[in-house]
Number of protein chains: 2
Amino acid sequence: MKLDFAQVFKALGDERRIRLLNLFLQSGKKICVCEMVDALRIPQYQVSKHLKVLRNLDLVKTTREGLWVYYEANWESSECVSDLFKVIKKHFQERFNEDLQRLDERLSLREGDSCVIGYSIYEKENES
Amino acid sequence: MKLDFAQVFKALGDERRIRLLNLFLQSGKKICVCEMVDALRIPQYQVSKHLKVLRNLDLVKTTREGLWVYYEANWESSECVSDLFKVIKKHFQERFNEDLQRLDERLSLREGDSCVIGYSIYEKENES
DNA sequence: CTCCTATATGCTTATATGCGAATATAAGCA
DNA sequence: TGCTTATATTCGCATATAAGCATATAGGAG
């Protein structure tokens, strides 16, 4: 499986994909799709589509737990990719800080290490 | 001037732009457009177009000497970009080795540090 | 089996990006 | 000035990519 690095750069050439990857790199955690939707404030179908691009290039790993699918950065892909990850991790922390803040809020609602609320918070948002 | 890094990755998401940048990074030299045309074996107008993308993002610097315009990597752009350059320099040496070989052949035709032959070698190629 | 929820994918339309040919610009020289 | 060469840009066309909506899939609970 010979990796085409132009493809990797092209994948990172979309702001939302970088923001997704940045969530994984900065938090170091497995994050589920509905949590990403909250952190990035973009529709679920967009998150899934962009995750597919990252998955096809082996930049992320997935774990399914019941209905929830958790994503994390894949540091075992290749040395070049993990060197790239280090650069992003080093320089993008403050660049997308708002995403990380919203992620933290959302992660605080977990029970143990698991997401339990899905999209139910959106129903509450109608109150405001 | 706030740099959009998704744009930088998008610029590197084209194989020919990476190959151009790789020429600068591996050789460490200023290279003129007609030499790039020979090294990458793509038309001159494509080289100029791709160089424009790199120039607009401040990834390369230019020097004009008479008719010839020399390009080189711009290491002063930002720390993040120069960290990216280091990753590319480290991992792409053998990946585009043929470009570098052709560049070396072409650079050996310089007089001093200057390109002097332009596109005249193409006229000789009709013999073969 | 049926219903519900989280995630993934098709499909259609709009937008953007690519190429190649021709041409413009800019500098040197006669 | 006018000619030549190196480099840059413009234009029209084909193709690719993005957004939004609807729907499909997959797993859990009753």
Side-chain angles (χ1 to χ4, degrees), chain A residues 6-7 9-20 30-57 60-72 106 109-111 114-124, chain B residues 4 6-7 9-18 20 30-57 60-72 106 109-111 114-124:
Chain A
Q7 289 300 113
F9 283 120
K10 197 181 282 183
L12 301 179
D14 181 282
E15 196 193 79
R16 286 148 310 177
R17 287 195 288 265
I18 285 222
R19 287 165 68 197
L20 286 170
K30 301 180 181 183
I31 301 171
C32 86
V33 176
C34 60
E35 291 168 335
M36 300 179 214
V37 169
D38 264 19
L40 266 61
R41 294 187 179 282
I42 61 176
Q44 174 266 323
Y45 69 82
Q46 283 193 9
V47 172
S48 282
K49 279 180 186 174
H50 289 306
L51 286 172
K52 184 180 186 177
V53 175
L54 300 177
R55 230 184 318 122
N56 285 341
L57 291 167
V60 293
K61 291 190 294 187
T62 64
T63 321
R64 181 179 272 276
E65 288 184 20
L67 283 178
W68 284 269
V69 179
Y70 293 86
Y71 285 76
E72 65 189 312
R106 180 62 200 251
L109 302 176
R110 282 186 175 182
E111 290 183 6
S114 296
C115 172
V116 291
I117 59 177
Y119 298 102
S120 56
I121 35 175
Y122 287 123
E123 288 147 28
K124 289 189 182 175
Chain B
D4 176 2
Q7 289 301 114
F9 283 119
K10 196 182 282 183
L12 301 178
D14 181 282
E15 195 192 84
R16 286 149 308 177
R17 288 195 288 266
I18 286 221
L20 286 170
K30 300 180 181 184
I31 302 171
C32 85
V33 176
C34 61
E35 291 168 336
M36 300 179 214
V37 169
D38 264 18
L40 267 61
R41 294 189 179 283
I42 60 177
Q44 174 267 324
Y45 69 84
Q46 283 194 10
V47 171
S48 282
K49 277 183 192 174
H50 291 305
L51 286 171
K52 183 181 186 177
V53 176
L54 300 177
R55 229 185 318 123
N56 286 342
L57 291 167
V60 294
K61 292 190 295 187
T62 64
T63 322
R64 181 177 273 277
E65 289 184 20
L67 283 178
W68 284 268
V69 179
Y70 293 86
Y71 284 76
E72 64 189 311
R106 180 63 199 250
L109 302 177
R110 282 186 175 182
E111 291 182 6
S114 296
C115 171
V116 291
I117 59 176
Y119 298 102
S120 56
I121 34 174
Y122 288 124
E123 289 147 27
K124 289 189 182 175

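Below, chains carry the letters A, B, ... as their sequence lines are ordered, and counting in each starts from 1. The model shown is predicted, which means the values in this text are computed figures rather than measured ones.
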Shortest non-hydrogen contact from B:C115 to B:W68? SG-NE1, 3.3 Å
Provide, to the nearest angstrom, the distance between the [atom1] atom belonging to [X] and the [atom2] atom belonging to [N].
X	N	atom1	atom2	result
A:Y70	C:dA8	OH	P	13 Å
A:E35	C:dT5	CD	P	18 Å
B:R106	D:dA6	CZ	C1'	11 Å
A:L51	D:dA18	CG	C1'	16 Å
A:D38	C:dT7	CG	C1'	15 Å
B:H50	C:dT17	NE2	P	14 Å

With sequence neighbours excluded, tell me which residues meet side-chain contact (heavy atoms from CB on, under 4.5 Å) with [X].
X	value
B:K10	B:Q7
A:L109	A:R106, A:I117
B:V53	B:A11, B:R17
A:K49	A:Y45

5'-to-3' dot-bracket of DNA chain C (Watson-Crick, G-U; under 3.5 angstrom; crossing pairs as [ ]; | other strand): |||||||||||||||||.||||||||||||
If only atom types and distance count, is the side chain of B:E35 paired as donor or acceptor with the main-chain N or O of B:C32 below 3.5 Å?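 Checked: pair present.
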Any residue meeting side chain to side chain donor-acceptor pair (under 3.5 Å) with A:R64, in chain and number order, not counting sequence neighbours: none
Taking only residues two or more places apart in sequence, or in another chain, which ones meet B:Q44 in a side chain to side chain donor-acceptor pair (under 3.5 Å)? B:S48
Tell me what A:Y71 touches on the nucleic acid: a base, only sugar-phosphate, or nothing, going by heavy atoms under 4.0 Å.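 Here A:Y71 touches the backbone only, sparing every base.
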Taken in chain and number order and not counting sequence neighbours, the residues that satisfy salt bridge (charged side-chain N to carboxylate O under 4.0 Å, His left out) with B:K61 are B:E76
By salt bridge (charged side-chain N to carboxylate O under 4.0 Å, His left out), which residues pair with B:R16, not counting sequence neighbours? B:D14
Pick from A:V33, A:L20, A:I31: which one makes a side chain to side chain contact (heavy atoms under 4.5 Å, CB included) with A:Y71? A:V33
Are there any protein N/O atoms within less than 3.5 Å of an N/O atom in nucleotides 20-23 of chain C, and if so, which ones and at what distance?
| residue | atom | partner | partner atom | Å |
| --- | --- | --- | --- | --- |
| C:dG20 | OP2 | B:Y45 | OH | 3.0 |
| C:dG20 | OP2 | B:Q46 | NE2 | 2.6 |
| C:dG20 | O5' | B:Y45 | OH | 3.3 |
| C:dG20 | N7 | B:K49 | NZ | 3.4 |
| C:dG20 | O6 | B:K49 | NZ | 2.6 |

Closest to side chain of [X], choosing from [options]:
X	options	answer
B:D14	C:dT7, D:dT7, C:dG18	C:dG18
B:K10	C:dT7, C:dT17, D:dA18	C:dT17
B:R55	D:dT7, C:dT7, D:dT9	D:dT9

Which nucleotides of nucleotides 25-30 of chain D have their base under 4.0 Å from a protein heavy atom (B), which only their sugar-phosphate (S), and which neither (-), written as one string 5' to 3'? -BBS--
Strictly below 4.0 Å: does A:R16 bring a side-chain N or O up to OP1 or OP2 of D:dA19? yes
